[in-house]
Amino acid sequence: TATWVNNLNYIWTYDANNNNTEFISQTWNTTTGAWINSTRTATVLSATNKPTENFTFTWNTTTNTWTPLDKTAYSYDTNDDNVTQIRQNWDASTSSWLNDRKQSYAYDAAHRIIELVYEGWNMATLTWDKSTKSTYVFNGAGLQIETGGYQWNAGAWLQTSRSRNS
């Protein structure tokens with residue numbers, strides 16, 4: 001007869017508005033016969049139920065505590081469209097958050113993403129360096145008809161791909 005064997009366990013926590021605010025994954029320890037924490041994600045929400053910060057932690061089995069791994073901060077325009085996401089990594093040696101990457105979004109009047117720019121943090125200059133950009137074109141019916149891909153090269157965007165839908 002086949003029997004189920006414990007392997008993975010997931011725990012979700014929700015707020016009063018049914019938004020997922022925490023997620024914990026656990027693995028089964030066959031030696032101790034107990035669930036061991038693995039990763040944890042915690043989300044801070046705005047008054048409009050949009051994420052403002054998202055934190056990821058890993059379980060430290062030596063100290064039995066959650067150790068920060070990374071966090072993402074979200075900002076919104078007056079239409080509640082997400083305009084930036086900034087990811088930072090935890091530096092245990094300085095107990096501080098260090099910038100990692102940034103995503104910036106532009107929208108059309110119908111709140112469709114028409115541009116997405118990726119930037120990486122430059123530790124030497126302490127500035128954001130442009131990396132890649134995607135553009136999206138929509139027709140009058142609101143259907144996406146074109147996608148463009150670009151790389152930042154010598155101070156300008158160089159188009160590397162283009163696809164059209166008919």
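Of all the heavy atoms in Thr65 and Thr63, the pair that sits closest is OG1-OG1, 2.6 Å. Minimum heavy-atom separation, Pro68 to Trp97: CB-CH2, 3.7 Å. Contact detail for Glu53 and Tyr74: the closest heavy-atom pair is N-CD1, 4.0 Å. The shortest non-hydrogen separation linking Ser46 to Thr52 is CB-CG2, 3.7 Å. When all heavy atoms of Tyr107 and Asp77 are compared, the closest pair comes out as CD1-OD2, 4.5 Å. Across every non-hydrogen atom of Glu119 and Ser104, the tightest pair is OE2-OG, 3.9 Å.
Residues Gln159 and Trp157 are not in side-chain contact: their nearest non-hydrogen atoms beyond the backbone lie 4.5 Å or more apart. Counting heavy atoms from C-beta on, the side chains of Trp128 and Asn99 come closer than 4.5 Å. Two residues are said to be in side-chain contact when any heavy atoms from C-beta on lie closer than 4.5 Å; Asn64 and Trp59 meet this criterion. Side-chain contact between Asn165 and Leu143: absent, with no pair of heavy atoms (C-beta onward) separated by less than 4.5 Å. The shortest side-chain heavy-atom distance between Ser95 and Trp90 falls under the 4.5 Å cut-off. At least one side-chain heavy atom of Asn6 sits less than 4.5 Å from a side-chain heavy atom of Trp35.
No path of Ile, Leu, Val, Met, Phe, Trp and Tyr side chains, each step under 4.5 Å between heavy atoms, connects Tyr14 with Ile24, placing them in separate hydrophobic clusters. Residue Leu158 is not grouped with residue Tyr118 when hydrophobic side chains (ILVMFWY) are merged at heavy-atom distances under 4.5 angstrom, including chains of intermediate members. Residues Leu69 and Leu98 fall into different hydrophobic clusters, defined by Ile, Leu, Val, Met, Phe, Trp and Tyr side chains chained together at heavy-atom separations under 4.5 Å. Cluster annotation: Met123 and Ile86 are assigned to the same hydrophobic cluster (Ile/Leu/Val/Met/Phe/Trp/Tyr, side-chain heavy-atom contacts under 4.5 Å, transitive).
Side-chain polar atoms of Asp70 and Thr56 form a donor-acceptor pair below 3.5 angstrom. Inspection of the Thr39 and Ser25 side chains reveals an N or O donor paired with an N or O acceptor under 3.5 Å. Side-chain atoms of Ser93 and Asp91 form a donor-acceptor pair, as typed in the model, at a separation below 3.5 Å.
Considering CD of Glu146 and OG1 of Thr135, their distance stands at 6.5 Å, rounded to 0.5 Å. From Lys130, atom NZ reaches atom NZ of Lys102 across 8.5 Å, with rounding to the nearest 0.5 Å. Summarising the geometry, atom OH belonging to Tyr76 is positioned 9.5 Å from atom OH belonging to Tyr105; distances are rounded to the nearest 0.5 Å. For the atom pair Thr43 OG1 and Asn49 CG, the distance stands at 12.0 Å (nearest 0.5 Å). To the nearest 0.5 Å, the span separating OG1 on Thr13 from CG on Asn20 amounts to 7.5 Å. If you take NZ on Lys71 and CG on Asn89, they are separated by 11.5 Å, rounding to the nearest 0.5 Å.
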Inset, instruction - Tell me, with the steps shown, if Gln26 and Ile11 meet side-chain contact (heavy atoms from CB on, under 4.5 Å). - result: CA-CA 8 Å; Gln26 299 175 317; Ile11 302 167; 3.7 Å; yes
Inset, instruction - Output, in order, the C-alpha distance, side-chain angles, deciding distance and verdict of side-chain contact (heavy atoms from CB on, under 4.5 Å) for Thr72 and Phe55. - result: CA-CA 7 Å; Thr72 302; Phe55 297 87; over 6 Å; no
Inset, instruction - Give the C-alpha distance, both sets of side-chain angles, the deciding distance and a yes or no for side-chain contact (heavy atoms from CB on, under 4.5 Å) between Phe57 and Asn37. - result: CA-CA 10 Å; Phe57 303 87; Asn37 289 328; over 6 Å; no
Inset, instruction - Take Asp100 and Gln88 through the side-chain contact (heavy atoms from CB on, under 4.5 Å) test and state the conclusion after the steps. - result: CA-CA 5 Å; Asp100 178 33; Gln88 298 177 309; 5.8 Å; no
Using atom types as modelled, flag every donor-acceptor pair under 3.5 Å from a side chain in residues 110-117 to any protein atom, sequence neighbours excluded.
unit_1	atom_1	unit_2	atom_2	d
His111	ND1	Asp81	OD2	2.7
Arg112	NE	Asp108	OD2	2.9
Arg112	NH2	Asp108	OD2	3.0

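Taking Trp4 as the reference, nothing meets the ring pair (Phe, Tyr, Trp, His ring centres under 6.0 Å) condition, with sequence neighbours excluded.
Ring geometry for Phe23 versus Tyr10: interplanar angle under 30°, hence parallel rather than tilted (30 to 60°).
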